[in-house]
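In what follows, a structure is listed as C-alpha coordinates, so that the remarks can point back to it.
Proteins get letters first, then strands, A, B, ... in listed order; numbering begins at 1 in each.
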Amino acid sequence: MNMNNRKALFEEITEAHKALKIPVELSNVVQHAIAKGRNEQMNTNTKNKQAVSNEKGFNFKSVTARTALAFAAALIIFTAGVNLSPTFANQFSQIPILGELVKVLTFTDGKASGGKITDGTNVSGISISESEGVEQLTLNFEQGGVSQNLAGAYEIKYQEKPYTMSFKVSGARMLSAMDDFENIKKSPSVKDIYRIITLDDSMVRFMIVFNGPIRYEIKEMKSPSSLVLSILPGQDSEAAESKKIVLKTSSIPQGEGLAMVEETLMTDYPDARVLRADINSENYYVEIGQYATESEASAAKAALKTLESNNGLTLSTEQIK
Amino acid sequence: MRPFWKKKIEAPSAVETALIGIIETHQAQLYRIAFSYVRSEQDALEVVQEAVYKAIVSQNQIKDISILKTWLIRIVINCAIDMSKKNSKWTALDETALTKQHDEGAASSEEKLDLQEALEKLEEPEKSLIQLRFFEDLPLNEIAVIMQLPLSTVKSQLYRSLKRLKVELEGVDEYE
(Lines give C-alpha, C1' and ligand atoms only; values in the text may rest on other atoms or scores of the structure.)
Protein backbone atom coordinates (compact mmCIF):
# COMPACT_ATOMS: atom_id res chain seq x y z
CA MET A 1 0.00 0.00 0.00
CA ASN A 2 1.58 3.27 -1.05
CA MET A 3 1.61 6.58 0.78
CA ASN A 4 -1.14 8.14 -1.35
CA ASN A 5 -3.46 5.25 -0.72
CA ARG A 6 -2.80 5.46 2.98
CA LYS A 7 -3.53 9.18 2.99
CA ALA A 8 -6.77 8.57 1.09
CA LEU A 9 -7.67 5.88 3.61
CA PHE A 10 -7.10 8.23 6.52
CA GLU A 11 -9.15 10.94 4.88
CA GLU A 12 -11.99 8.56 4.14
CA ILE A 13 -12.01 7.12 7.62
CA THR A 14 -11.89 10.59 9.11
CA GLU A 15 -14.87 11.63 7.00
CA ALA A 16 -16.76 8.48 8.02
CA HIS A 17 -15.93 9.23 11.63
CA LYS A 18 -17.23 12.78 11.36
CA ALA A 19 -20.36 11.57 9.56
CA LEU A 20 -21.18 9.17 12.37
CA LYS A 21 -24.90 9.38 13.13
CA ILE A 22 -25.50 11.10 16.44
CA PRO A 23 -28.35 9.44 18.35
CA VAL A 24 -31.34 11.66 18.97
CA GLU A 25 -31.32 10.86 22.66
CA LEU A 26 -27.78 12.18 23.18
CA SER A 27 -29.06 15.57 24.25
CA ASN A 28 -31.38 14.00 26.82
CA VAL A 29 -28.58 11.79 28.12
CA VAL A 30 -26.33 14.81 28.53
CA GLN A 31 -29.00 16.92 30.23
CA HIS A 32 -29.83 14.10 32.60
CA ALA A 33 -26.16 13.64 33.50
CA ILE A 34 -25.75 17.40 34.04
CA ALA A 35 -28.81 17.52 36.29
CA LYS A 36 -27.68 14.53 38.32
CA GLY A 37 -24.15 15.84 38.51
CA ARG A 38 -25.39 19.21 39.73
CA ASN A 39 -27.51 17.50 42.32
CA GLU A 40 -24.55 15.49 43.55
CA GLN A 41 -22.37 18.59 43.51
CA MET A 42 -24.85 20.48 45.68
CA ASN A 43 -25.04 17.58 48.06
CA THR A 44 -21.26 17.61 48.36
CA ASN A 45 -21.26 21.32 48.96
CA THR A 46 -23.66 20.97 51.84
CA LYS A 47 -21.41 18.29 53.39
CA ASN A 48 -24.35 15.95 53.55
CA LYS A 49 -23.09 13.56 50.99
CA GLN A 50 -23.65 10.31 52.82
CA ALA A 51 -27.15 11.09 53.95
CA VAL A 52 -28.18 12.34 50.56
CA SER A 53 -26.57 9.50 48.64
CA ASN A 54 -29.15 7.19 50.15
CA GLU A 55 -32.01 9.19 48.78
CA LYS A 56 -30.66 10.68 45.60
CA GLY A 57 -31.23 7.38 43.91
CA PHE A 58 -28.55 7.93 41.33
CA ASN A 59 -26.06 5.21 40.78
CA PHE A 60 -24.66 5.07 37.31
CA LYS A 61 -24.34 1.32 37.28
CA SER A 62 -27.85 0.83 38.61
CA VAL A 63 -29.19 3.31 36.05
CA THR A 64 -27.45 1.28 33.40
CA ALA A 65 -28.91 -1.92 34.75
CA ARG A 66 -32.35 -0.37 34.97
CA THR A 67 -32.03 0.91 31.42
CA ALA A 68 -31.23 -2.60 30.27
CA LEU A 69 -34.25 -3.88 32.16
CA ALA A 70 -36.36 -1.16 30.58
CA PHE A 71 -35.29 -2.26 27.13
CA ALA A 72 -36.10 -5.82 28.06
CA ALA A 73 -39.50 -4.74 29.36
CA ALA A 74 -40.11 -2.72 26.22
CA LEU A 75 -39.18 -5.73 24.14
CA ILE A 76 -41.67 -7.90 25.98
CA ILE A 77 -44.41 -5.33 25.57
CA PHE A 78 -43.66 -4.91 21.90
CA THR A 79 -43.57 -8.65 21.42
CA ALA A 80 -47.02 -8.79 22.95
CA GLY A 81 -48.10 -5.88 20.78
CA VAL A 82 -46.92 -7.61 17.63
CA ASN A 83 -49.71 -10.13 18.07
CA LEU A 84 -52.22 -7.34 17.96
CA SER A 85 -50.79 -5.02 15.38
CA PRO A 86 -47.63 -6.30 13.71
CA THR A 87 -47.04 -3.39 11.39
CA PHE A 88 -47.56 -0.82 14.08
CA ALA A 89 -45.27 -2.52 16.58
CA ASN A 90 -42.59 -3.18 13.99
CA GLN A 91 -42.49 0.41 12.92
CA PHE A 92 -42.03 1.67 16.47
CA SER A 93 -39.82 -1.10 17.71
CA GLN A 94 -36.47 0.19 16.50
CA ILE A 95 -36.51 3.44 18.42
CA PRO A 96 -34.42 3.50 21.58
CA ILE A 97 -35.70 5.68 24.42
CA LEU A 98 -33.83 6.96 27.43
CA GLY A 99 -34.97 5.72 30.84
CA GLU A 100 -37.11 2.89 32.11
CA LEU A 101 -40.46 2.08 30.64
CA VAL A 102 -43.32 2.63 33.06
CA LYS A 103 -46.08 1.80 30.62
CA VAL A 104 -47.33 2.08 27.09
CA LEU A 105 -50.47 4.16 27.37
CA THR A 106 -53.78 2.57 26.54
CA PHE A 107 -56.20 5.04 25.03
CA THR A 108 -59.92 4.73 25.63
CA ASP A 109 -62.06 7.04 23.49
CA GLY A 110 -58.87 8.93 22.67
CA LYS A 111 -58.03 9.51 26.33
CA ALA A 112 -55.24 8.23 28.55
CA SER A 113 -53.69 9.32 31.82
CA GLY A 114 -50.91 8.45 34.23
CA GLY A 115 -47.98 9.92 36.13
CA LYS A 116 -47.59 10.81 39.76
CA ILE A 117 -49.24 13.65 41.63
CA THR A 118 -46.62 16.31 42.30
CA ASP A 119 -46.42 20.00 43.01
CA GLY A 120 -44.06 22.43 41.35
CA THR A 121 -43.42 20.37 38.26
CA ASN A 122 -41.99 22.15 35.28
CA VAL A 123 -42.92 20.68 31.91
CA SER A 124 -39.41 21.56 30.97
CA GLY A 125 -38.92 20.68 27.36
CA ILE A 126 -40.28 19.01 24.31
CA SER A 127 -38.03 17.71 21.60
CA ILE A 128 -38.65 16.11 18.27
CA SER A 129 -36.77 13.45 16.41
CA GLU A 130 -37.32 11.07 13.51
CA SER A 131 -36.19 7.53 13.03
CA GLU A 132 -37.09 5.27 10.15
CA GLY A 133 -40.16 7.27 9.24
CA VAL A 134 -41.52 7.45 12.77
CA GLU A 135 -41.62 10.87 14.36
CA GLN A 136 -41.05 11.04 18.06
CA LEU A 137 -41.92 13.87 20.44
CA THR A 138 -40.42 13.66 23.90
CA LEU A 139 -41.85 15.63 26.78
CA ASN A 140 -39.65 16.09 29.87
CA PHE A 141 -40.49 16.92 33.48
CA GLU A 142 -38.34 18.74 36.02
CA GLN A 143 -38.52 19.88 39.60
CA GLY A 144 -36.24 22.75 40.57
CA GLY A 145 -34.01 22.29 37.54
CA VAL A 146 -33.55 18.57 38.11
CA SER A 147 -35.18 15.86 36.01
CA GLN A 148 -38.09 14.25 37.80
CA ASN A 149 -37.81 10.58 38.40
CA LEU A 150 -41.49 10.04 37.60
CA ALA A 151 -43.70 11.95 35.21
CA GLY A 152 -46.13 14.44 36.72
CA ALA A 153 -49.82 13.48 36.68
CA TYR A 154 -51.02 13.91 33.14
CA GLU A 155 -54.04 13.48 30.92
CA ILE A 156 -53.79 13.21 27.17
CA LYS A 157 -56.62 13.39 24.70
CA TYR A 158 -56.59 12.82 20.95
CA GLN A 159 -59.40 14.31 18.89
CA GLU A 160 -60.09 14.52 15.19
CA LYS A 161 -60.97 17.13 12.58
CA PRO A 162 -58.84 19.01 13.30
CA TYR A 163 -56.43 16.40 14.60
CA THR A 164 -55.30 17.49 18.03
CA MET A 165 -53.65 16.04 21.06
CA SER A 166 -54.08 17.95 24.28
CA PHE A 167 -51.72 17.50 27.23
CA LYS A 168 -52.80 18.41 30.74
CA VAL A 169 -50.23 18.16 33.53
CA SER A 170 -51.47 18.64 37.08
CA GLY A 171 -49.19 19.86 39.86
CA ALA A 172 -47.26 21.83 37.29
CA ARG A 173 -46.61 25.53 37.54
CA MET A 174 -44.23 26.05 34.67
CA LEU A 175 -44.19 25.23 30.99
CA SER A 176 -40.62 25.92 29.90
CA ALA A 177 -41.34 23.64 26.96
CA MET A 178 -42.97 26.67 25.34
CA ASP A 179 -39.45 27.68 24.29
CA ASP A 180 -39.43 24.60 22.09
CA PHE A 181 -42.77 25.23 20.40
CA GLU A 182 -41.32 26.96 17.35
CA ASN A 183 -38.99 24.05 16.79
CA ILE A 184 -41.83 21.54 17.15
CA LYS A 185 -43.74 23.38 14.43
CA LYS A 186 -40.95 22.44 12.01
CA SER A 187 -42.09 18.84 12.24
CA PRO A 188 -43.80 17.69 9.03
CA SER A 189 -46.59 16.16 11.13
CA VAL A 190 -47.24 19.16 13.34
CA LYS A 191 -49.32 22.07 12.13
CA ASP A 192 -49.43 24.04 15.35
CA ILE A 193 -48.67 23.88 19.04
CA TYR A 194 -49.85 26.32 21.66
CA ARG A 195 -50.44 26.73 25.34
CA ILE A 196 -53.98 26.63 26.65
CA ILE A 197 -54.66 29.01 29.48
CA THR A 198 -56.21 27.36 32.51
CA LEU A 199 -57.79 28.86 35.62
CA ASP A 200 -55.95 26.39 37.82
CA ASP A 201 -52.49 27.79 38.56
CA SER A 202 -51.18 24.33 39.42
CA MET A 203 -51.93 22.92 36.01
CA VAL A 204 -50.39 23.47 32.61
CA ARG A 205 -51.95 22.51 29.32
CA PHE A 206 -50.94 22.67 25.73
CA MET A 207 -52.30 21.48 22.44
CA ILE A 208 -50.57 19.93 19.45
CA VAL A 209 -52.41 20.21 16.16
CA PHE A 210 -51.43 17.70 13.51
CA ASN A 211 -51.58 18.11 9.76
CA GLY A 212 -53.73 15.03 9.36
CA PRO A 213 -54.94 11.89 11.08
CA ILE A 214 -52.23 10.02 12.97
CA ARG A 215 -51.57 6.68 14.52
CA TYR A 216 -49.82 7.18 17.80
CA GLU A 217 -48.23 5.43 20.68
CA ILE A 218 -47.18 7.05 23.94
CA LYS A 219 -44.74 5.60 26.39
CA GLU A 220 -44.37 6.86 29.93
CA MET A 221 -40.75 6.60 31.02
CA LYS A 222 -39.03 7.12 34.36
CA SER A 223 -35.48 7.71 35.55
CA PRO A 224 -35.58 10.21 33.95
CA SER A 225 -39.27 10.87 33.43
CA SER A 226 -40.64 11.58 30.01
CA LEU A 227 -43.60 10.99 27.78
CA VAL A 228 -42.58 9.77 24.38
CA LEU A 229 -45.10 10.17 21.60
CA SER A 230 -44.43 8.20 18.43
CA ILE A 231 -46.39 9.24 15.37
CA LEU A 232 -47.22 7.67 12.04
CA PRO A 233 -49.71 8.84 9.43
CA GLY A 234 -53.16 7.41 10.11
CA GLN A 235 -56.74 7.67 8.98
CA ASP A 236 -60.01 8.98 10.33
CA SER A 237 -61.91 6.86 12.81
CA GLU A 238 -65.45 5.78 11.98
CA ALA A 239 -66.76 8.06 14.72
CA ALA A 240 -65.02 11.06 13.17
CA GLU A 241 -66.39 10.27 9.75
CA SER A 242 -69.95 10.33 11.10
CA LYS A 243 -69.56 13.88 12.41
CA LYS A 244 -70.58 16.52 9.92
CA ILE A 245 -71.34 19.69 11.88
CA VAL A 246 -69.33 21.57 14.50
CA LEU A 247 -70.68 23.95 17.13
CA LYS A 248 -68.23 26.60 18.27
CA THR A 249 -67.88 29.95 19.97
CA SER A 250 -66.69 33.13 18.33
CA SER A 251 -62.95 33.76 18.58
CA ILE A 252 -61.31 35.79 21.32
CA PRO A 253 -57.73 36.20 22.55
CA GLN A 254 -56.39 33.57 24.96
CA GLY A 255 -56.98 34.52 28.56
CA GLU A 256 -59.21 34.06 31.55
CA GLY A 257 -62.33 34.83 29.53
CA LEU A 258 -61.77 31.94 27.18
CA ALA A 259 -60.71 29.69 30.05
CA MET A 260 -63.90 30.51 31.95
CA VAL A 261 -66.04 29.67 28.93
CA GLU A 262 -64.21 26.39 28.50
CA GLU A 263 -64.58 25.56 32.18
CA THR A 264 -68.29 26.31 32.06
CA LEU A 265 -68.66 23.81 29.24
CA MET A 266 -66.33 21.16 30.63
CA THR A 267 -68.86 19.07 32.53
CA ASP A 268 -71.67 18.90 29.96
CA TYR A 269 -69.47 18.99 26.88
CA PRO A 270 -66.46 16.81 27.68
CA ASP A 271 -65.18 17.01 24.11
CA ALA A 272 -64.97 20.81 24.14
CA ARG A 273 -61.51 21.99 23.15
CA VAL A 274 -59.69 25.26 22.59
CA LEU A 275 -58.63 25.76 18.99
CA ARG A 276 -56.68 28.54 17.35
CA ALA A 277 -58.78 30.57 14.89
CA ASP A 278 -56.02 30.54 12.35
CA ILE A 279 -52.39 29.41 12.31
CA ASN A 280 -51.09 32.98 12.68
CA SER A 281 -53.94 34.28 14.77
CA GLU A 282 -53.84 35.38 18.38
CA ASN A 283 -57.50 34.50 18.69
CA TYR A 284 -58.90 31.20 19.84
CA TYR A 285 -62.33 29.66 20.12
CA VAL A 286 -63.93 26.80 21.97
CA GLU A 287 -65.14 23.97 19.80
CA ILE A 288 -68.08 22.82 21.87
CA GLY A 289 -68.88 19.62 20.06
CA GLN A 290 -69.20 17.78 16.77
CA TYR A 291 -72.53 16.46 15.60
CA ALA A 292 -73.87 14.15 12.94
CA THR A 293 -76.64 16.50 11.78
CA GLU A 294 -77.39 20.20 11.62
CA SER A 295 -80.48 19.72 13.80
CA GLU A 296 -78.44 18.11 16.61
CA ALA A 297 -75.97 20.98 16.47
CA SER A 298 -78.75 23.54 16.46
CA ALA A 299 -80.37 21.90 19.46
CA ALA A 300 -77.06 22.07 21.34
CA LYS A 301 -76.70 25.69 20.37
CA ALA A 302 -80.19 26.51 21.62
CA ALA A 303 -79.37 24.91 24.96
CA LEU A 304 -76.42 27.27 25.35
CA LYS A 305 -78.27 30.58 25.04
CA THR A 306 -77.14 31.68 28.49
CA LEU A 307 -73.52 31.04 27.60
CA GLU A 308 -73.86 33.49 24.74
CA SER A 309 -75.54 36.18 26.79
CA ASN A 310 -73.33 35.81 29.87
CA ASN A 311 -70.02 35.92 28.02
CA GLY A 312 -70.76 38.14 25.05
CA LEU A 313 -69.91 35.36 22.67
CA THR A 314 -71.79 34.15 19.67
CA LEU A 315 -72.17 30.49 18.88
CA SER A 316 -72.22 29.19 15.36
CA THR A 317 -72.41 25.93 13.51
CA GLU A 318 -70.20 25.00 10.62
CA GLN A 319 -69.69 22.11 8.24
CA ILE A 320 -66.71 20.00 9.19
CA LYS A 321 -64.19 19.95 6.38
CA MET B 1 -35.78 14.03 54.83
CA ARG B 2 -36.75 16.07 51.83
CA PRO B 3 -36.33 14.44 48.46
CA PHE B 4 -33.53 15.87 46.38
CA TRP B 5 -35.76 17.67 43.94
CA LYS B 6 -37.16 19.81 46.74
CA LYS B 7 -33.73 21.02 47.81
CA LYS B 8 -32.86 24.60 47.06
CA ILE B 9 -31.06 24.83 43.76
CA GLU B 10 -27.81 26.75 43.95
CA ALA B 11 -26.91 29.17 41.19
CA PRO B 12 -24.26 27.64 38.94
CA SER B 13 -20.70 28.86 39.41
CA ALA B 14 -18.74 30.46 36.57
CA VAL B 15 -16.85 27.19 36.06
CA GLU B 16 -20.05 25.20 36.01
CA THR B 17 -21.71 27.57 33.55
CA ALA B 18 -18.68 27.35 31.27
CA LEU B 19 -18.47 23.59 31.68
CA ILE B 20 -22.14 23.05 30.84
CA GLY B 21 -21.75 25.31 27.81
CA ILE B 22 -18.79 23.27 26.59
CA ILE B 23 -20.59 20.00 27.22
CA GLU B 24 -23.65 21.14 25.27
CA THR B 25 -21.61 22.60 22.42
CA HIS B 26 -19.32 19.61 22.01
CA GLN B 27 -21.63 16.74 22.96
CA ALA B 28 -21.55 15.29 19.43
CA GLN B 29 -17.75 15.28 19.45
CA LEU B 30 -17.73 13.64 22.87
CA TYR B 31 -20.10 10.99 21.56
CA ARG B 32 -17.92 10.35 18.48
CA ILE B 33 -14.84 9.92 20.63
CA ALA B 34 -16.69 7.57 22.96
CA PHE B 35 -18.12 5.61 20.05
CA SER B 36 -14.72 5.11 18.46
CA TYR B 37 -13.64 3.23 21.58
CA VAL B 38 -16.72 1.24 22.47
CA ARG B 39 -18.28 0.84 19.02
CA SER B 40 -21.84 0.61 20.29
CA GLU B 41 -24.41 3.37 20.36
CA GLN B 42 -25.75 2.36 23.75
CA ASP B 43 -22.28 2.02 25.28
CA ALA B 44 -21.17 5.34 23.79
CA LEU B 45 -24.21 7.07 25.29
CA GLU B 46 -23.39 5.46 28.60
CA VAL B 47 -19.80 6.67 28.37
CA VAL B 48 -20.93 10.23 27.63
CA GLN B 49 -23.42 10.11 30.48
CA GLU B 50 -20.82 8.90 32.93
CA ALA B 51 -18.19 11.35 31.70
CA VAL B 52 -20.53 14.34 31.92
CA TYR B 53 -21.65 13.29 35.37
CA LYS B 54 -18.05 12.89 36.53
CA ALA B 55 -17.08 16.23 35.02
CA ILE B 56 -19.88 18.07 36.80
CA VAL B 57 -19.19 16.51 40.19
CA SER B 58 -15.43 17.05 39.82
CA GLN B 59 -15.63 20.63 38.62
CA ASN B 60 -14.00 21.91 41.81
CA GLN B 61 -10.73 20.46 40.55
CA ILE B 62 -10.72 22.95 37.70
CA LYS B 63 -8.55 25.99 38.26
CA ASP B 64 -8.30 27.18 34.68
CA ILE B 65 -11.43 27.50 32.56
CA SER B 66 -9.39 27.49 29.34
CA ILE B 67 -8.61 23.79 29.76
CA LEU B 68 -12.22 22.70 30.34
CA LYS B 69 -12.68 21.13 26.92
CA THR B 70 -9.45 19.16 26.98
CA TRP B 71 -10.17 18.06 30.54
CA LEU B 72 -13.62 16.89 29.48
CA ILE B 73 -12.23 14.92 26.53
CA ARG B 74 -9.72 13.29 28.89
CA ILE B 75 -12.60 12.13 31.10
CA VAL B 76 -14.50 10.78 28.10
CA ILE B 77 -11.43 8.85 26.94
CA ASN B 78 -10.86 7.42 30.41
CA CYS B 79 -14.49 6.36 30.71
CA ALA B 80 -14.43 4.91 27.19
CA ILE B 81 -11.24 2.94 27.86
CA ASP B 82 -12.75 1.60 31.08
CA MET B 83 -15.89 0.59 29.21
CA SER B 84 -13.98 -0.98 26.32
CA LYS B 85 -11.82 -2.95 28.77
CA LYS B 86 -14.97 -4.12 30.43
CA ASN B 87 -16.42 -5.15 27.11
CA SER B 88 -13.07 -6.40 25.79
CA LYS B 89 -13.62 -4.82 22.47
CA TRP B 90 -12.15 -1.80 20.81
CA THR B 91 -12.74 -0.60 17.31
CA ALA B 92 -11.73 2.65 15.82
CA LEU B 93 -14.68 3.26 13.60
CA ASP B 94 -18.17 2.32 12.63
CA GLU B 95 -17.72 -0.56 10.24
CA THR B 96 -20.94 0.28 8.42
CA ALA B 97 -19.85 3.86 7.91
CA LEU B 98 -16.48 2.59 6.78
CA THR B 99 -17.73 0.25 4.13
CA LYS B 100 -20.93 1.85 2.92
CA GLN B 101 -19.30 4.13 0.39
CA HIS B 102 -16.77 3.10 -2.13
CA ASP B 103 -16.10 5.06 -5.25
CA GLU B 104 -13.59 4.45 -7.96
CA GLY B 105 -10.10 5.68 -7.26
CA ALA B 106 -10.65 5.66 -3.53
CA ALA B 107 -9.24 3.06 -1.24
CA SER B 108 -11.06 -0.27 -1.35
CA SER B 109 -13.25 -1.50 1.48
CA GLU B 110 -10.70 -4.23 2.07
CA GLU B 111 -7.94 -1.68 2.47
CA LYS B 112 -10.12 0.31 4.85
CA LEU B 113 -10.62 -2.76 6.96
CA ASP B 114 -6.86 -3.36 6.88
CA LEU B 115 -6.33 0.11 8.27
CA GLN B 116 -9.04 -0.44 10.81
CA GLU B 117 -7.38 -3.66 11.93
CA ALA B 118 -4.03 -1.90 12.10
CA LEU B 119 -5.58 0.83 14.25
CA GLU B 120 -7.04 -1.78 16.53
CA LYS B 121 -3.63 -3.28 17.11
CA LEU B 122 -2.27 -0.01 18.47
CA GLU B 123 -1.92 0.23 22.23
CA GLU B 124 -2.81 3.17 24.41
CA PRO B 125 -1.87 6.01 24.28
CA GLU B 126 -1.12 5.51 20.58
CA LYS B 127 -4.75 4.82 19.70
CA SER B 128 -5.88 7.98 21.45
CA LEU B 129 -3.15 10.04 19.82
CA ILE B 130 -4.19 8.93 16.34
CA GLN B 131 -7.83 9.38 17.22
CA LEU B 132 -7.42 12.91 18.51
CA ARG B 133 -4.94 14.12 15.92
CA PHE B 134 -6.43 12.70 12.74
CA PHE B 135 -10.08 12.01 13.46
CA GLU B 136 -10.84 14.91 15.79
CA ASP B 137 -8.29 17.18 14.12
CA LEU B 138 -7.07 18.56 17.44
CA PRO B 139 -3.81 20.54 17.60
CA LEU B 140 -0.82 18.86 19.19
CA ASN B 141 -0.70 21.20 22.18
CA GLU B 142 -4.33 20.36 23.07
CA ILE B 143 -3.59 16.67 22.68
CA ALA B 144 -0.65 17.11 25.05
CA VAL B 145 -2.97 18.58 27.68
CA ILE B 146 -5.60 15.87 27.14
CA MET B 147 -3.10 13.05 27.33
CA GLN B 148 -1.16 14.75 30.14
CA LEU B 149 2.06 14.31 28.20
CA PRO B 150 4.80 16.78 27.26
CA LEU B 151 4.38 18.15 23.75
CA SER B 152 7.65 16.56 22.65
CA THR B 153 6.40 13.17 23.85
CA VAL B 154 3.15 13.60 21.96
CA LYS B 155 5.08 14.35 18.78
CA SER B 156 7.42 11.41 19.18
CA GLN B 157 4.65 8.98 20.15
CA LEU B 158 2.50 10.12 17.29
CA TYR B 159 5.40 9.61 14.92
CA ARG B 160 5.95 6.17 16.41
CA SER B 161 2.24 5.36 16.11
CA LEU B 162 2.22 6.25 12.43
CA LYS B 163 5.37 4.22 11.90
CA ARG B 164 3.83 1.27 13.66
CA LEU B 165 0.70 1.69 11.62
CA LYS B 166 2.80 1.63 8.47
CA VAL B 167 4.50 -1.55 9.62
CA GLU B 168 1.14 -3.11 10.29
CA LEU B 169 -0.15 -2.19 6.87
CA GLU B 170 3.00 -3.33 5.15
CA GLY B 171 2.69 -6.59 7.05
CA VAL B 172 -0.72 -7.01 5.48
CA ASP B 173 0.75 -6.25 2.05
CA GLU B 174 3.54 -8.77 2.51
CA TYR B 175 1.11 -11.41 3.64
CA GLU B 176 -0.92 -10.82 0.51
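For a residue to count as touching a neighbouring chain, one of its non-hydrogen atoms must lie under 4.5 Å from one of that chain's; by this rule A:Glu142 does not touch chain B.
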Steps toward side chain to side chain contact (heavy atoms under 4.5 Å, CB included) verdict (A:Leu20, B:Tyr31)
CA-CA 9 Å; A:Leu20 185 67; B:Tyr31 172 81; 4.0 Å; yes

Test side chain to side chain contact (heavy atoms under 4.5 Å, CB included) on B:Ile20 and A:Arg38 and set out the steps.
CA-CA 10 Å; B:Ile20 291 172; A:Arg38 286 205 71 208; 4.3 Å; yes

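Within a 6.0 Å sphere centred on NZ of B:Lys155, other residues, nucleotides and ligands contribute 12 heavy atoms or fewer.
When B:Glu41, B:Arg32, B:Gln29 are each tested for a side chain to side chain contact (heavy atoms under 4.5 Å, CB included) with A:Ile22, only one passes: B:Arg32.
Of all non-hydrogen atoms in A:Gly37 and B:Val57, the two that sit nearest each other are O-CG1, 3.5 Å.
Using a 4.5 Å heavy-atom threshold, the side chains of B:Gln49 and A:Val30 count as separate.
Here the straight-line distance linking atom CZ of B:Phe35 with atom CG of A:Leu26 works out to 12.5 Å at 0.5 Å rounding.
Heavy-atom pairs under 4.5 Å with chain A were tallied for B:Glu24, B:Lys54, B:Gln27; the largest tally goes to B:Gln27.
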